[in-house]
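Only one structure is covered here, and it is reproduced in the block below.
Side-chain atoms are counted along with the backbone in the values below, which use heavy atoms only and exclude waters and symmetry mates. Numbers restart at 1 for each chain; the letters A, B, ... are given by sequence-line order, proteins then strands. From a predicted model like this one, the values you see are computed outputs, not experimental measurements.
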There are 2 protein chains.
Amino acid sequence: MSKNNGLEKEEFENNSQACPMTSVMNVIGGKWKVIILYHLRDSILRFGELRKRIPKITQKMLTQQLRELESDGLVTRTVYPEVPPRVEYQSTPLSDELRPIIDMLCDWGQKQQDYIRSVDE
Amino acid sequence: MSKNNGLEKEEFENNSQACPMTSVMNVIGGKWKVIILYHLRDSILRFGELRKRIPKITQKMLTQQLRELESDGLVTRTVYPEVPPRVEYQSTPLSDELRPIIDMLCDWGQKQQDYIRSVDE
DNA sequence: TCAAGTAAGCACAAATTTGTAAGCTAGTTC
DNA sequence: GAACTAGCTTACAAATTTGTGCTTACTTGA
């Protein structure tokens, strides 16, 4: 897991291994990762296509998040040695298992938005 | 939603309402919220009890996160006018719907940890 | 010769999140 | 009347995350 590369083993165990939730959030937390996974749910996408689908993400963040997802086993990255370069990203079996969860979260998000609106009115 | 209190309506819509995932992450993202919700899954807990169950959280963060969860409709906060003070937190119908999702995330977290171990070996 | 196209890298700055340490409250007990 | 209690607050500091702007590499077409 990218986040823990520099940690002592002991510290690593206190952090992630003790609590599965913490380890989950290390992997899909942050501002962009679930959104990226959401878009990769059912398509193989190139870097530029992901950028179009997530207009507000910066190039740097997209690169960075994709690399972390890759090293956590959630996406594969395929580089085609062409010019101009072509790089494709796709989900893995591990992230496929996340799919129903992401869908449920998405549905729940709608409900939550409704709640917010009812409070704001 | 606490995060958006200061935003213009327009900006709010671009952020959360456009993408349910973003709105979900606003609500359960961060280092502690799912963990708190996890512990409130099936018990009503006092502030101090939550602290014991989440040893590494600081008082400030626990207060802060609970208040945000409250204003997002995910926990209720009941103050008993006693001395010393007693405050109880419990889940709401809205966060109860999150429960199966949290359970699934938890299971998935185990798998993910196994993957990590197999890569680190 | 020069721009366009694609995926990235870097140094640095801004923003956000989290942590530390102290203080406050108002009754209750010693 | 000092100490204790549970929950909270505030000012400030540190850490982490995210964003900005500029640069690289290579080829094609104008």
Note to self: Taking the nucleotide of DNA chain C with the nearest heavy atom to each, does B/Lys31 or A/Lys60 sit closer to the 5' end?
What the structure shows: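 Nearer the 5' end of the strand: A/Lys60.
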
Notebook entry, point to check: Taking side chain as C-beta onward, heavy atoms only, is A/Asp103 less than 4.5 Å from A/Arg41?
Noted result: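 When only atoms from C-beta onward are counted, A/Arg41 and A/Asp103 do touch, with a gap below 4.5 Å.
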
Return the nearest nucleotide to the side chain of [X]; candidates are [options].
X	options	result
B/Trp32	C/dT18, D/dA6, D/dT20	C/dT18
B/Gln65	C/dT6, C/dT18, D/dG19	C/dT18
B/Phe47	D/dG19, D/dG7, C/dT20	D/dG7
B/Arg46	C/dA7, C/dG9, D/dG7	D/dG7
B/Arg67	C/dG27, D/dA6, D/dC8	D/dC8

Please state how far atom [atom1] in [X] lies from atom [atom2] in [N], giving the value in whole angstrom units.
X	N	atom1	atom2	result
A/Glu49	C/dG5	CD	C1'	14 Å
B/Gln59	D/dG7	CD	P	9 Å
B/Arg86	D/dC4	CZ	C1'	19 Å
A/Met61	C/dG9	CE	P	13 Å
A/Gln64	D/dG19	CD	P	10 Å
A/Ile28	D/dT17	CD1	P	15 Å
A/Ile35	D/dT17	CD1	C1'	15 Å
B/Leu66	D/dC8	CG	P	8 Å

Notebook entry, point to check: Would you find more than 12 non-hydrogen atoms of other residues, nucleotides or ligands less than 6.0 Å from B/Tyr89 atom OH?
Noted result: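 Counting neighbours around OH of B/Tyr89, more than 12 heavy atoms of other residues, nucleotides or ligands fall under 6.0 Å, so yes.
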
Next item on the list: For A/Arg51, report the nucleic acid contact type (base, sugar-phosphate, nothing); a contact means any heavy atom under 4.0 Å.
Entry: nothing

Notebook entry, point to check: Contact class for A/Tyr89 vs. all strands (heavy atom < 4.0 Å): base, sugar-phosphate, or nothing?
Noted result: sugar-phosphate

Note to self: Can a donor-acceptor pair be found, under 3.5 Å and without considering hydrogens, that links the side chain of B/Ser95 to the backbone of B/Ser91?
What the structure shows: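 It does not hold such a pair.
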
Notebook entry, point to check: Is it true that a side-chain atom of A/Glu97 and a backbone atom of A/Leu94 form a donor plus acceptor pair closer than 3.5 Å?
Noted result: no

Check: Cation-pi between B/Arg86 and B/Tyr80: NZ/CZ under 6.0 Å from ring centre and within 45° of the ring axis?
Finding: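 Yes.
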
Notebook entry, point to check: Taking the nucleotide of DNA chain D with the closest heavy atom to each, which residue, A/Ile57 or A/Pro84, is nearer the 5' end?
Noted result: A/Ile57

